[in-house]
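Just below is one structure, and these are the notes that go with it.
Given the structure is predicted, the values throughout are model-derived calculations rather than measurements. Hydrogens, waters and symmetry mates play no part in the numbers below; they use all other heavy atoms, side chains included. Numbering of residues begins at 1 and proceeds along the displayed sequence.
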Amino acid sequence: MSHQRSFTNASLMILVYEAMEAWLGAELRDMRGPTWRAVPSIRSREIGRGSHQFVRRVCGARGLVQRLELQGKLERHAGCVNTLHFNPSGTRLASGSDDLRVIIWDWTVKRAELEFDSGHKSNVFQAKFLPHSGDSTLAMCARDGQIRVAELSATQRCKNTKRVAQHKGAAHKLALEPDSPCSFLSAGEDAVVFGIDLRLDRPANKLAVVKEGDKKVGLYTIYVNPAKTHHFAVGGRDQYVRIYDQRKINENDNNGVLKKFCPSHLVSSESKTNITCLVYSHDGTELLASYNDEDIYLFDSNHSDGADYLRRYKGHRNNATVKGVNFYGPCSEFVVSGSDCGHIYLWDKYSARIVQFMEGDRGGVVNCLEPHPHLPGMATSGLDHDIKLWAPTAETPTILKGLKEVMKKNKRERDEDSVRHGDQYDTQLLWFLMRHMRNRRPQRVRISTKQAPSPHSSVV
């Protein structure tokens, strides 16, 4: 019996290994050929052909993404850096921190141009330049639930900060309206979405209270569709991406929701799945959602209510913090996320294959990823007290050293946590395990007490 038990354990280990390998390779497509080639593109630009598209093509080139490396650090904060935001021209970078301070950086020379007290009483979660404001207006939100606005002067000082709205719980995210210097949205753990118009005496207007049935759903993230600015999407303490239309929110009709998306395997899941961040693509046709201790999913925002996801991006770990996710590239060619393992992952959007993998945070967690609006490169931050700047200056493309081992480690830890907390074991891995068990053709053998089974035989 001991021989039989050890053999059964060995078989199970082989099955688990094969299931893990299958999981790593699942839902991937072949990578498309490169869309940008350096020499022909530079030659065309030199003779004036296609020069207006040169920068856009460079920023979306896979070859440059694969050459991203650390350029430098911005060091001044005395706490975790929770938010990063470039101004529309990309010349300045705003950062906010647990130290309750906001800093405006001239990132090109690594100098803090302006530093001020946010007025918040707890961790600053976001600080964003309002568009078309001449970089003079900054909107902020924080753990204290306040939504505040800072007025900045041309002489590099903060004239004042004032509270314009108050959530009854932490406010993690703001959503800018692309063409408005005076209006934006906020979302809080109290399930409320505020529309804020700085032209009004009472700026805050309650647009929606997000519910599933009669139960309120606390919110972690909100984003305005850049192509249909009356549409916004929210996510939080359940598995659904919800899209609203500001023009027709009627709480008596489907709780005001225009449509909902969710990966089909999570609809009836018993696991406590949250959405920590969501973003629209550059043209508003796609939505990206990062799930807590699950994967990242891409949805077609034009699909009908209840549609399943288009792509799945995996390998990272999103558990310890409210993790961000973003598109990278002028046409949203890539997906970028941080991870609890301290690395930064970039996936090719179409194939869902990882094309870049970088160590981003010694503290162990990368939360914020802010691509530059016009240049190839980005800024990142996490539990470390600094901001890291990345640019495609490496001489050779990445070889993704150690990626597979880190992906497996993240997956094992995720599954162990699921079992420990009584949630469902990863359904996809179980599916692979069952499929492999079915596909293996067991050979019936006799096992005597004097002879151990062959390592290549199966016990039935």
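Checked for salt-bridge contact, Glu413 and Arg317 meet the test: a charged N lies under 4.0 Å from a carboxylate O. We find that Arg414 and Asp295 are joined by a salt bridge, their nearest charged nitrogen and carboxylate oxygen being less than 4.0 Å apart. Look at Asp135 and Arg92 and you find no salt bridge, because none of the NZ, NE, NH1 or NH2 atoms lies under 4.0 Å from a carboxylate O. A salt bridge does not link Asp30 to Arg32: none of the charged side-chain nitrogens sits closer than 4.0 Å to a carboxylate oxygen. Of the charged side-chain nitrogens involved, at least one lies within less than 4.0 Å of a carboxylate oxygen, so that Glu21 and Lys404 count as a salt-bridged pair. At a threshold of 4.0 Å, the pair Arg312-Asp308 does not count as salt-bridged, since none of the basic side-chain nitrogens sits closer than that to a carboxylate oxygen. Electrostatic pairing of Arg237 and Glu189 counts as a salt bridge here, judged by a charged N lying under 4.0 Å from a carboxylate O. In summary, Arg111 and Glu113 engage in a salt bridge, as defined by a charged side-chain N under 4.0 Å from a carboxylate O.
A cation-pi arrangement, defined by a distance under 6.0 Å to the six-membered ring centre and an angle within 45 degrees of its axis, is absent between Lys349 and Phe334. Note that Lys314 lies in the cation-pi zone of Trp23, set by a 6.0 Å cut-off to the ring centre and a 45° limit from the axis.
A side-chain hydrogen bond (donor to acceptor under 3.5 Å, both in side chains) with Thr276 is found for one member of Asn318, Asn292, Asp293 and no other, namely Asn318. Tested against His77 for a side-chain hydrogen bond (donor to acceptor under 3.5 Å, both in side chains), the candidates Asp98, Asp99, Asn82 yield a single pass: Asp99.
Between the side chains of Gln356 and Tyr328, no donor N or O sits under 3.5 Å from an acceptor N or O.
Remark: Ser301 engages no residue in a side-chain hydrogen bond (donor to acceptor under 3.5 Å, both in side chains) (not counting sequence neighbours). Under the side-chain hydrogen bond (donor to acceptor under 3.5 Å, both in side chains) criterion, Ser118 pairs with no residue at all, not counting sequence neighbours.
Aromatic ring centres of His231 and Tyr280 lie farther apart than the 6.0 Å criterion allows.
Of the inter-residue distances, the one linking Phe116 atom CZ with Cys158 atom SG reads 4.5 Å to the nearest 0.5 angstrom.
Proximity of Val336 to Met378: side-chain heavy atoms (C-beta onward) are separated by under 4.5 Å at one or more points. A 4.5 Å side-chain heavy-atom check between Met140 and His120 finds at least one atom pair inside the cut-off.
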Under the side chain to side chain contact (heavy atoms under 4.5 Å, CB included) rule, what do Leu207 and Gln246 come out as? Steps first, then yes or no, please. CA-CA 7 Å; Leu207 290 179; Gln246 291 189 55; 3.8 Å; yes

Could you tabulate the donor-acceptor pairs under 3.5 Å formed by side-chain atoms of residues 394-403, not counting sequence neighbours?
residue : atom : partner : partner atom : Å
Thr398  : OG1  : Leu400  : N            : 2.9

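Around the CZ atom of Arg76, the shell of radius 6.0 Å holds no more than 12 heavy atoms that belong to other residues, nucleotides or ligands.
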